[in-house]
Amino acid sequence: MKYSALKGVHDILPPDIYIWQKAESTAKEIFSAYGFQEIRVPIIESTDIFVRSIGETTDIVEKEMYTFPDRADRSITLRPEGTAPVVRSYIENHLYNLPSPQKFFYSGPMFRYERPQKGRFRQFYQIGVEAFGAAEPKLDAEIISMLKIFFERLQMKELKFEVNSIGCEKCRPDYKKALMNFFSSKVTDLCPDCNRRYINNPLRILDCKSSICTELRKGSPKITDYLCNECKSHFEEFLSLLNILHITYNINPHMVRGLDYYTRTTFEITSEYLGAQKTVAAGGRYDKLVEEFGGPPTSAIGFAIGMERLVEIIKNVNPGFCIPAPKVFIAAIGKKANAEGLLIAEQLRAKDIQAELGYDSASLKSQLRRADKLGSNYVFIIGDDELKSGMVKWKNLKDGSQGEIGIASISEFEGLYR
RNA sequence: GUGAGUGUAGCUCAAUGGUCAGAGCAUUGGACUGUGGCUCCAAGGGUUGGGGGUUCGAGUCCCCUCACUCACCCCA
C-alpha cells in the first residue's frame, strides 16, 4: 500500500456516515429548539488563544497541540477544542451588546497530538454549545436537560450523568489548601503520577485510577463542603432543578475538569459501551473566561460532545441505525430499454424518490440481485416486450408480489409513496 | 512520552520448523436463455507488513524496522 491516512485520523465511510448525519441533524434540531444558533469559527487560530484559555500547564497546551509558524512566522494552532475560538469571536464581534443570553452551537474537527486509542484520535469531531450572559443555575439545568433529550432522540441507552461544582476563585483555593493538607502526610505513598499532581494540580489526585491512591484518598475533604455561600446556593438550586426535570444524576465530588477555565457547575456523561475513554459529553461553567480574554465580565457555560464516541455508542446499542435504501430499482434489458429506464429514473428523482439503475448491461438476474442487496423496495423491469406494450413490470422485493403498470403513469405508482 | 499485544486473501481467522499457505464470509459467474433472497458448483483474489539472520528447509525461531490495537498519561 503506497499511501495511508496519518496516525490517529480516519475516513468516515458509509454506512457509518448515516449515523453521523443523523446525529448532526438531530443536534441542530434540538439545540435550535432551545434557542441555540449555529456559529462557525475558524479551524486555525493564533496559538496564544489556546494557551490563555486552556491553561499553560495543561497537557493539551504543553504537548498535544498542532502548532506551527505560518509564512509570516506567526504562531498558528489547529484548534484542540471549540470554546476558546467561540469566546474569541464573541468578544471580537461585540456580541455582548446583543440581548443576553447569547447561545451558540458549533460542530467540526478538533486536533490533538495524542497516542490514539479506543475513542481517542488526533483529528476528532465535536458538537458543542456555548451560552453567554446568564449566571442563573436554571441555564445549567436546561443545558443538561437538552443533552438528555438529544441522547434520547438518538435512542441511546444506559448513559450516566455526573455533576459536580468546583467552586470559584474565592472558594477553590481554600479547598485546594485543605486537600494538600490532607495528603501532605501521604505524599510519598501516592503513585508517581500523583506525586507530580500534588505539586501541579492536587485536585487531579481525586480521579486517579491507581488502587493505592483510591485507598489513600478515602475520607479526603470534599469540594462540595468547601463551597462559598454563592457557589453553594448555585449548586443546590441547580440540583433541585434537575430533580424537577426528572433527570437522574450522580454527584461526583471527585470529578475534576482538565481545562483550567471551568468554575462552579461541571458535568460529564459517560457510557459503558466505550473503553477507557468513556466520556461522551462534558462541560461546565466558565464564568471568568470572557473577562480574562478582554471582554466584559460575562458568565458562560458550555459543553462538547465527542462525535466518534457518540457514533460508537449508537453502533453498539442500535446496529443498523437508519441506513437508507433505494425506493425503486430499475432493471433494463437492451439499449432502448436502458434509455427508457434512465428517463423513468430521472422522473422519479425529480420527485425526491431514490431510484437506482442497473449498469453495464448486466443480466436481469444480476440486476435483481443487486436490487436486493441494496435493500430496494420495488424493481421495475423493462425490456423489448414492455417497450412494445407500453407496460412496465413491477415487483415488490419485500413480499414478492408482481404486476404491470403503464410507462406513462409510473410516477403515480402508489407503492412509491408508502 | 511509557507499557503490553497483534500483523497471513476485501473481512474474520486456520496452518507441529517440512508437499503447491487453506477455510468461512464477501465478490464474480453458472445450475435457472427475462425474475432477487435459499441451496449447490466454479472462478478470481496472497511479496504471510518490510528488511536481515539461524536452518538442508521459515508464515512458524531470532534481531531490526514499520503499522495497527489496547492501556497508562490526558481528555470529548
Side-chain angles (χ1 to χ4, degrees), chain A residues 1-8 10 54-55 57-65 79-83 107-129 147 191-194 196-197 200-201 204 207-210 255-259 262 267-271 274-284 302-313 329 331-334 337 358 360-386 393-402:
Chain A
M1 192 96 58
K2 197 165 181 189
Y3 298 111
S4 57
L6 296 176
K7 186 192 279 286
H10 54 111
I54 299 169
T57 60
T58 57
D59 275 28
I60 294 180
V61 167
E62 278 184 340
K63 50 192 190 199
E64 294 176 1
M65 294 205 304
R79 63 183 185 196
E81 58 105 41
T83 300
S107 82
M110 308 295 165
F111 303 84
R112 291 180 201 173
Y113 193 86
E114 298 183 274
R115 276 289 275 279
Q117 71 183 80
K118 192 176 174 73
R120 195 174 71 181
F121 311 94
R122 290 187 172 178
Q123 175 176 342
F124 60 102
Y125 291 76
Q126 290 188 336
I127 292 182
V129 314
L147 262 172
C191 74
D193 283 326
C194 283
R196 183 172 49 77
R197 291 179 180 122
N200 293 343
N201 192 350
R204 287 232 147 265
D207 64 358
C208 178
K209 288 170 196 161
S210 134
M255 189 181 71
V256 210
R257 307 271 58 233
L259 287 69
Y262 285 111
F267 53 90
E268 244 179 67
I269 295 150
T270 59
S271 164
L274 301 172
Q277 315 299 322
K278 62 188 177 134
T279 303
V280 63
F303 67 74
I305 303 168
M307 286 295 288
E308 286 81 0
R309 296 179 188 180
L310 179 77
V311 169
E312 177 70 20
I313 299 171
F329 186 98
I333 307 125
D360 298 327
S361 38
S363 67
L364 180 63
K365 177 199 267 307
S366 69
Q367 293 191 57
L368 280 165
R369 197 155 39 215
R370 193 162 87 86
D372 184 57
K373 281 194 182 116
L374 291 170
S376 320
N377 288 329
Y378 287 92
V379 180
F380 289 151
I381 300 168
I382 316 170
D384 291 340
D385 298 348
E386 286 77 11
K393 295 217 172 71
W394 61 263
K395 177 164 186 167
N396 181 330
L397 289 185
K398 305 297 175 198
D399 65 15
S401 60
Q402 301 196 47

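So you know, we letter chains A, B, ... as the sequences are listed, proteins then strands, and number each from 1.
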Considering just the side-chain nitrogens and oxygens of [X], establish if one lies under 4.0 Å of OP1 or OP2 belonging to [N].
{"X": "Arg369(A)", "N": "G29(B)", "value": "yes"}
{"X": "Lys365(A)", "N": "U35(B)", "value": "no"}
{"X": "Lys7(A)", "N": "C68(B)", "value": "yes"}
{"X": "Gln117(A)", "N": "C72(B)", "value": "yes"}
{"X": "Lys373(A)", "N": "U27(B)", "value": "yes"}

Exercise. Taking a pair as Watson-Crick or G-U wobble with both distances under 3.5 Å, which nucleotide is matched to C68(B)?
Worked result: G5(B)

For this session: Using atom CD of Gln402(A) as one end and atom P of G34(B) as the other, report the distance to the nearest whole Å.
Result: 15 Å

Exercise. Ile333(A) CD1 to U35(B) P: how many Å, rounded?
Worked result: 9 Å

Exercise. Is there a side-chain contact between Val379(A) and Trp394(A), using heavy atoms and a 4.5 Å cut-off?
Worked result: no

Sugar-phosphate only, base, or nothing, as touched by [X] at under 4.0 Å among non-hydrogen atoms:
{"X": "Glu386(A)", "value": "base"}
{"X": "Gly128(A)", "value": "nothing"}
{"X": "Arg112(A)", "value": "base"}

For this session: Would you confirm whether Arg120(A), through its side chain, and Arg115(A), through its main-chain N or O, come within 3.5 Å as a donor-acceptor pair?
Result: yes

Exercise. RNA chain B: Lys118(A) or Ile269(A), which has the more 5' nearest nucleotide?
Worked result: Lys118(A)

For this session: Would you kindly compare Ala5(A) and Gly283(A) by the position of their nearest RNA chain B nucleotide and give the one closer to the 5′ end?
Result: Ala5(A)

For this session: Kindly compute the distance separating CD (Glu62(A)) from CD1 (Ile54(A)), expressed to the nearest 0.5 Å.
Result: 12.0 Å

